[in-house]
Number of protein chains: 2
Amino acid sequence: MRHRLKDVAERAGVSVKTVSNVVNGYAHVRPDTRARVEEAIAALNYRPNLSARNLRKGRTGIIALAVPELDIPYFAELARHVVSAAAELGWTVLIDQTGGGREQERVVASGITDHLIDGLIFSPLALTADDLVNLDGTPMVLLGERVDRGPADHVVIDNVAAAREITNHLVGLGRRRIAAIGSQRTPEGASARLRLDGYRSALAEAGLGYDEALVAPAPVWHRADGAAAMRHLLSSGVRPDAVFCFNDTLALGALRALHETGLRVPEDVAVAGFDGIEDGRFSVPTLTTIAPDKERIARLAVELLANRIEGDRSAPPRELAAPYRLEPRESTQGRHP
Amino acid sequence: MRHRLKDVAERAGVSVKTVSNVVNGYAHVRPDTRARVEEAIAALNYRPNLSARNLRKGRTGIIALAVPELDIPYFAELARHVVSAAAELGWTVLIDQTGGGREQERVVASGITDHLIDGLIFSPLALTADDLVNLDGTPMVLLGERVDRGPADHVVIDNVAAAREITNHLVGLGRRRIAAIGSQRTPEGASARLRLDGYRSALAEAGLGYDEALVAPAPVWHRADGAAAMRHLLSSGVRPDAVFCFNDTLALGALRALHETGLRVPEDVAVAGFDGIEDGRFSVPTLTTIAPDKERIARLAVELLANRIEGDRSAPPRELAAPYRLEPRESTQGRHP
DNA sequence: AACGTTGACTACAACGTTGTAGAAACCAGG
DNA sequence: CCTGGTTTCTACAACGTTGTAGTCAACGTT
C-alpha cells in the first residue's frame with residue numbers, strides 16, 4: 001500500500017541512498033539515473049515517511065502556535081497569518097488551544113515540546129516570565145505581551161502608546177467622561193494592565209482626572225462580557241460619554257448593550273476598541289479601533305523562530321515591535337465624518 | 001539536555017525495555033523497580049521522543065483538520081470544538097488552511113497524509129467525490145457536504161431541510177419577495193446548491209414563484225461579499241422584503257448594506273443567515289439563523305475517525321447527521337417579538 | 001604511465017522507540 | 001525435589017530515513 005525508499009530503489013535498480021539523494025536534491029546523480037528514480041517514485045506514488053526523517057534529522061518541520069481561544073476573532077486572524085507565513089518557509093503549523101488558564105498554559109509551554117515540534121509561537125494570557133524558565137531549550141517566540149526580561153524572543157506592539165493614542169482620539173472629539181472596559185487583576189505586563197496604563201496616561205495628559213468608577217473589569221474579553229460591563233457602567237449612574245474597550249469583541253458587546261439601552265453611538269457615547277478585527281468593519285456602527293499589523297506580527301514571529309531554530313540558541317532574547325494603526329470609524333466619528 | 005530511555009535506564013539500573021514498560025504502563029513490573037524507574041524519569045525530566053515512537057508504532061496521535069479559512073467564524077468555532085473533542089481522546093489536532101481552492105484542497109486531501117497524521121477531518125468547499133478517490137487509505141471524515149456515494153465517512157446536516165425551514169420562517173412572517181444571497185456555480189452537492197434547493201422548495205410549497213433576479217451569487221462567503229450582493233439586489237430594483245443569506249457572515253454584510261441604505265431591519269427587509277455564529281447574538285439587530293450543533297458535529301467527526309483508525313478500514317463509509325436549530329432573533333422578528 | 005581529483009554511487013550505522021522471544025527467578029502442587 | 005506455570009526482566013531486531021565513509025571509474029595533469 002504505502003511504499004518506502006527500498007521499494008523505489010528496487011524498482012529503479014539503485015541503492016536506497018541514491019533514491020534518498022534524488023528525493024533530497026543531491027547534485028551528483030547522473031541524469032539518466034535520476035530519471036529512472038523519478039519514474040519509480042511517480043509510479044509507486046512514493047512519499048517520505050516524516051517520522052523516520054524526523055527521527056534521523058532531529059527536526060520535524062512542524063511549529064506550534066498556542067493561542068487562548070480559536071474563536072476569538074483576533075486569534076483566528078492571527079492564526080491565519082501565522083499559518084501562511086510558516087507555509088512560505090515550508091513549515092506546518094500545529095495549532096493548540098490553551099483556554100487561557102494558567103495551568104493549561106504551563107502545560108503547553110513545557111509539554112508541547114515533546115520532540116514533535118521544532119518551535120513554539122505562544123500567545124499567553126496568564127503566564128508570566130517566571131513560568132517560562134524551564135523550557136528544555138525548545139525555541140519559543142512570545143506574542144503580544146511584554147514579558148519583562150523574559151527568557152524568550154518576543155514580538156510586541158506598544159500597547160501603552162496605542163492605548164494612549166486611541167484615548168487621545170476620544171479626548172480630541174471633546175469627550176470628557178471616558179470609561180474603560182476590560183481591566184483585569186492580572187500580573188504586571190499583561191495586555192490589560194498596559195492598555196490601562198496608556199488610558200490613564202492619556203487622561204492625565206489631557207488634564208482629566210482618573211475615576212475608578214469609570215473602569216469596568218472583564219474577566220475574559222468576549223462579547224458577552226463587554227455587554228455586561230457596559231450595562232453595569234450605565235446602571236451605576238456614572239454616565240460616560242465615551243468608552244475605550246480593551247479589545248474589539250468587548251466593544252461589539254458594548255455597542256449591543258448601548259443599542260438596547262437606546263443610547264446613540266457616537267452621539268451619546270463614543271466607542272473605541274482594540275485589535276482591528278474584520279467584524280468591526282461591518283458592525284452597526286462600524287468600530288473605531290487600534291489595528292495591529294497582524295501579518296507583520298505573524299511574519300516577524302515566524303522569522304524569529306526560524307533564526308532560533310536554525311541559528312544560535314543561546315543568543316540573548318530579542319524583542320521586535322510590530323506597527324499598529326488607529327482606524328477611526330463610525331463608532332467615534334459618526335456616519336459622515 | 002534531552003534525555004532518552006537509555007539515560008533513564010542507566011540511572012535506574014535496569015534495561016531500556018523495562019523503562020519503556022513503565023512508561024507504557026505494562027503490568028508486570030515489581031513495585032520497587034517501578035518506583036526506581038519513575039524516580040529516574042522525574043529526575044531527568046524524561047519525555048518520550050514521539051518521532052521515534054511513531055516510527056515504531058506506525059501511529060502519530062495527531063489528526064488533521066482541514067478547513068477553508070480559519071478566520072471565518074463558523075470554521076473557527078468548529079475548529080475549537082474539534083480540538084476539544086480530540087483532546088478528550090488524547091489526540092492532538094493539526095489545523096490546515098486550504099484557502100478553499102480546488103487545487104489546494106486536492107493537495108491537502110492527498111498530500112497531508114505524509115505519514116504524519118493518523119487521520120483527517122476535512123471540510124471541503126470545492127472538491128467533489130471524484131477528487132477524493134485516491135487516498136492511500138488514510139482515514140478521513142468529511143464535514144458539512146453531502147458528497148454522494150463518497151469514498152469516506154461524513155458528518156452532515158440536512159442543508160436542504162434547514163434552508164427550507166428558515167425560508168418558511170420568512171414566509172410565515174408574511175414576506176412575499178424573498179431574496180437569496182450566496183448562490184455559487186459549484187458542483188452538485190455543495191452547500192450553496194443544497195441551500196438554494198431548500199429555498200426553492202419552500203417557495204414552491206408556499207405558492208411563491210421562483211424569481212432568478214432575486215438570487216444573488218457570492219463567489220466567497222465573506223461579509224464584504226454579502227454587503228456587495230445586498231447592494232446589488234437593492235440597486236437592481238427588485239425590492240425584496242426579506243433575504244435568506246446562505247451563511248451568517250454574508251448576512252452580517254447584508255445588514256450593514258441595508259443600514260447604509262437607510263432601510264430598516266426587519267420592518268423593510270427581514271434578514272436570515274445560516275451557521276449560528278457567535279457574532280449574530282450581538283449584532284445590531286441580532287441575527288436570525290440556522291444553528292447547526294457544532295459541538296455534536298465535532299464529536300461525531302472525531303468518533304467516526306477514531307473508529308476508522310482503530311477499527312475496520314474497509315468497512316463501508318458511514319454518514320451521520322447532526323441536528324440544527326432555527327434561532328429566530330431580531331433581524332426577522334424585531335425587537336420585541 | 002603514474003598521479004591526484006572529481007563524479008556517481010553504495011554499504012553501513014545510527015536516530016529512539018517498542019514487539020518478540022526468551023532467560024532467570026519465583027511460586028504452587030504433586 | 002521436581003514439574004509447569006507465572007512473573008519479572010533483558011537482548012535483539014526492526015520501523016524508514018540520512019550522514020559518514022568509502023569504492024570504483026573516468027578524467028585531466030604532470
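All chains are named by letter (A, B, ...) in the order of the sequence lines, taking the proteins before the strands, and each is independently numbered beginning at 1. Values below: every heavy atom of this structure, side chains too, minus hydrogens, waters and symmetry copies.
- Whole-Å rounding puts the Leu5(B) CG to dT18(C) P distance at 6 Å.
- Between the side chain of Lys17(B) and the base of dG19(C) there is at least one donor-acceptor pair of N/O atoms closer than 3.5 Å.
- In this structure the side chain of Phe75(A) never reaches within 4.5 angstrom of the side chain of Ile95(A), judged on heavy atoms.
- Rounded to whole Å, the distance from NZ on Lys6(A) to P on dA14(D) is 10 Å.
- As judged by a 4.0 angstrom heavy-atom cut-off over every strand, Val16(A) is placed among residues making no nucleic acid contact.
- Distance Asn49(B) CG to dA14(C) P: 18 Å, rounded to the nearest Å.
- Proximity note for Ser15(A) (side chain, C-beta onward) versus dT17(C), dT17(D), dA11(C): the nearest is dA11(C).
- We find that CG of Leu55(B) is positioned 17 Å from P of dA13(D), with the value rounded to whole Å.
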| task | Give the C-alpha distance, both sets of side-chain angles, the deciding distance and a yes or no for salt bridge (Lys or Arg N to Asp or Glu O under 4.0 Å) between Arg80(A) and Asp71(B). | result | CA-CA 7 Å; Arg80(A) 173 201 178 79; Asp71(B) 54 359; 3.3 Å; yes
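- Atom CD of Glu10(A) is separated from atom P of dG16(D) by 13 Å (rounded to the nearest Å).
- Summarising the geometry of Val156(B) relative to His154(B), their closest heavy-atom pair is CG1-CD2, 3.5 Å, with the distance given to 0.1 Å.
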| His222(B)/Glu278(A) under side-chain hydrogen bond (donor to acceptor under 3.5 Å, both in side chains): CA gap, chis, key distance, verdict | CA-CA 10 Å; His222(B) 289 185; Glu278(A) 185 69 10; over 6 Å; no
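- Contact check for Ile63(A) versus Leu94(A): no side-chain heavy atoms found under the 4.5 Å cut-off.
- Contact check for Arg53(B) versus Val23(B): side-chain heavy atoms found under the 4.5 Å cut-off.
- Across all strands shown, the partner of dT30(D) is dA1(C), judged by Watson-Crick or G-U wobble contacts whose two distances both fall under 3.5 Å.
- Near DNA chain C, meaning a heavy atom under 4.0 Å away, the residues from residues 18-33 of chain B are Ser20(B), Asn24(B).
- Rounded to a whole Å, the CZ atom of Arg34(A) is 14 Å from the P atom of dG7(C).
- Between Asn54(A) atom CG and dG19(D) atom P there is a gap of 13 Å when expressed in whole angstrom units.
- Looking only at side-chain heavy atoms (C-beta outward), Val67(A) and Tyr74(A) stay at 4.5 Å or farther from each other.
- Put simply, Arg53(B) has a side-chain N or O that comes within less than 4.0 Å of OP1 or OP2 on dT18(C).
- Here the P atom of nucleotide dT20(D) and the NZ atom of Lys57(A) are 12 Å apart, to the nearest Å.
- At a cut-off of 3.5 angstrom, counting only N and O atoms as typed in the model, there is a donor on one side and an acceptor on the other between the side-chain of Arg56(A) and the base of dT18(D).
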